[in-house]
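What follows is one structure encoded as structure tokens, with my remarks underneath.
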2 protein chains.
Amino acid sequence: MSNRMIRHEPLRADADRDRILFAAAHLFREYGFDKTTVRQIAEACDLLPGSLHYRYRAKEDILVDMMRAAIEKTILGITEATAKAQDPLQQVRAALQAHIEVLLAGDDMMYVLLFEWRSLRGAAHKEMIRERDRYERCWATMLEALKEQGFIRPDVDMHLLRLIGLGAINWMATWYKKEGRYSLDEIGESLWSVISRGILAPHHLYMEKT
Amino acid sequence: MSNRMIRHEPLRADADRDRILFAAAHLFREYGFDKTTVRQIAEACDLLPGSLHYRYRAKEDILVDMMRAAIEKTILGITEATAKAQDPLQQVRAALQAHIEVLLAGDDMMYVLLFEWRSLRGAAHKEMIRERDRYERCWATMLEALKEQGFIRPDVDMHLLRLIGLGAINWMATWYKKEGRYSLDEIGESLWSVISRGILAPHHLYMEKT
DNA sequence: GTCTATACTCTGATAGAC
DNA sequence: GTCTATCAGAGTATAGAC
């Protein structure tokens with residue numbers, strides 16, 4: 001740091017951003033966005049309020065930036081997971097596990113993304129709705145493909161299925177504990193066991209069992 | 001009201017309580033507990049701040065009272081529903097539908113119960129955890145009975161199933177719209193269709209289909 | 001970029017007349 | 001029980017020196 005020649009400003013800036021967002025996320029999760037003060041955030045990332053203000057002009061800006069990062073991470077997570085999988089069924093299975101892992105692996109930003117978007121108003125609120133829709137469309141595309149290829153019973157409404165499935169996972173953030181009785185693999189396995197038996201057409205259900 | 005003889009104090013008091021809780025719940029749902037001011041609540045139920053203070057000494061007391069009422073209503077809902085049903089399977093089906101209806105029928109208090117318990121701290125927080133556990137135990141009992149009677153595949157973990165199922169329903173509060181494309185019956189039917197096929201032992205699955 | 005000090009606003013809660 | 005008036009505190013955001 002003493003030598004200007006070996007400094008990498010962009011990296012430094014990213015690290016600062018991460019440090020701030022990480023500390024803020026922890027507080028937002030613990031106390032909620034409204035009950036967390038900018039003074040607390042500043043203290044948690046070793047800055048004084050004035051310095052934090054230099055990075056983020058308003059408290060809400062921190063939340064917006066955090067949510068952008070969180071949703072990007074989520075989309076990246078299921079994109080990578082599905083890329084590895086071979087057939088469409090295993091793709092969905094992998095995406096499901098990826099969503100679980102990204103959400104519950106311990107990143108407080110994910111929790112904040114799910115439960116604090118109500119704290120945003122106006123333009124910022126609308127932007128997050130759009131971002132959420134972008135993510136949900138990834139799922140919609142995957143699920144529609146599955147249906148068109150005959151994997152799913154004809155009477156299953158894929159739109160409702162998506163809402164139900166993602167809802168079950170998202171709610172896990174309220175009860176999952178790292179030291180609890182279930183591992184992320186067990187949780188994903190259980191969920192998939194119920195859903196796959198619940199929606200697959202008989203032919204593929206049989207294949208899935210073997 | 002002008003004649004003291006025909007006044008019914010307890011009824012009046014209940015009506016006042018409902019009026020306050022209803023108005024407060026609407027605001028809490030719209031803006032969140034923290035962003036709602038006691039002045040707003042007072043105005044919404046045609047009281048002045050001082051008068052509201054007479055009923056509830058602190059803002060948090062309103063939230064606690066509201067949550068007590070909401071959880072009581074929920075427990076009453078599934079209790080009544082299961083009482084009407086005959087066999088254990090239909091009992092669970094009825095309880096599931098009851099939970100959906102109580103949660104989504106339009107009572108803002110239910111939404112607040114699900115998403116604002118984080119606003120409580122200390123003793124009040126602990127009390128709500130206990131109340132929630134009381135409710136979850138109703139479900140645990142029902143589901144355990146189902147398993148013991150052989151309705152469920154042996155490999156299904158009933159504890160996890162409860163968390164997944166109730167999670168799927170609770171999350172509905174974030175997306176369900178009264179004017180939306182799905183009725184409460186459709187939603188319940190879809191959920192049951194997936195879950196029942198996902199967990200029932202083959203023999204009962206066949207019976208369920210007919 | 002970081003710090004100190006502070007302006008300004010709004011909040012929950014209360015005191016006390018009626 | 002309801003009202004008016006107000007307090008004490010906390011909150012965000014800012015100005016300006018360094």
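A quick note: this is a predicted structure, and the numbers were derived from the prediction, not measured.
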>> What is the separation between atom CG on B/L48 and atom P on C/dA17, rounded to the nearest whole Å?
In response: 18 Å

> Using a cut-off of less than 4.0 Å, is there contact between a side-chain N or O of B/Y54 and OP1 or OP2 of D/dT2?
Replying inline: no

> Atom CG of A/L52 to atom C1' of C/dT2: distance rounded to whole Å?
Replying inline: 12 Å

>> Please confirm whether the shortest side-chain N or O distance from B/S51 to OP1 or OP2 of D/dG1 is below 4.0 Å.
In response: no

>> What is the separation between atom OH on B/Y56 and atom P on C/dT14, rounded to the nearest whole Å?
In response: 17 Å

> If you pin A/K35 and A/G50 to their nearest nucleotides in DNA chain D, which one's is more 5'?
Replying inline: A/K35

> Quick one: B/E60 CD to C/dT11 P, roughly how many Å, whole number?
Replying inline: 18 Å

> Any side-chain N or O of A/H53 less than 4.0 Å from the OP1 or OP2 oxygen of D/dT14?
Replying inline: yes

>> Tell me whether the rings of A/F115 and B/W171 are parallel (<30°), tilted (30 to 60°) or perpendicular (>60°).
In response: perpendicular

> A/E43 has an atom CD; how far is it from atom P of C/dT4, in whole Å?
Replying inline: 13 Å

> Taking CG from A/D34 and C1' from C/dG12, how many angstroms apart are they, rounded to a whole number?
Replying inline: 15 Å

>> Can you confirm whether B/Y31 is buried at OH, in the sense that more than 12 heavy atoms of other residues, nucleotides or ligands lie under 6.0 Å from that atom?
In response: no

> For the side chain of A/A58, counting heavy atoms from C-beta on, which of D/dA13, C/dA13, D/dG11 is nearest?
Replying inline: D/dA13

> Between B/R55 (CZ) and D/dC3 (C1'), how many Å, whole number?
Replying inline: 13 Å

> Would you say the base of C/dG12 and the side-chain of B/R39 have a donor-acceptor pair closer than 3.5 Å?
Replying inline: yes

>> Under a plain distance cut-off of 3.5 Å, with no hydrogens placed, do B/H99 and B/Y135 share a side-chain donor-acceptor pair?
In response: yes

>> So does A/C45 get a backbone contact from the side chain of A/R19, meaning a donor-acceptor N/O pair under 3.5 Å?
In response: yes

> Between D/dT14, C/dT2, C/dG12, which nucleotide has the shortest distance from any of its atoms to the side chain of A/R57?
Replying inline: D/dT14

>> Please give me the minimum heavy-atom distance between A/L191 and B/I164, naming the atom from each residue.
In response: CD1-CG2, 3.6 Å

>> In this structure, how many angstroms lie between the C1' atom of D/dG1 and the CZ atom of B/R17, rounded?
In response: 19 Å

> Nearest of C/dC3, D/dA13, D/dG1 to any side-chain atom of A/L47?
Replying inline: C/dC3

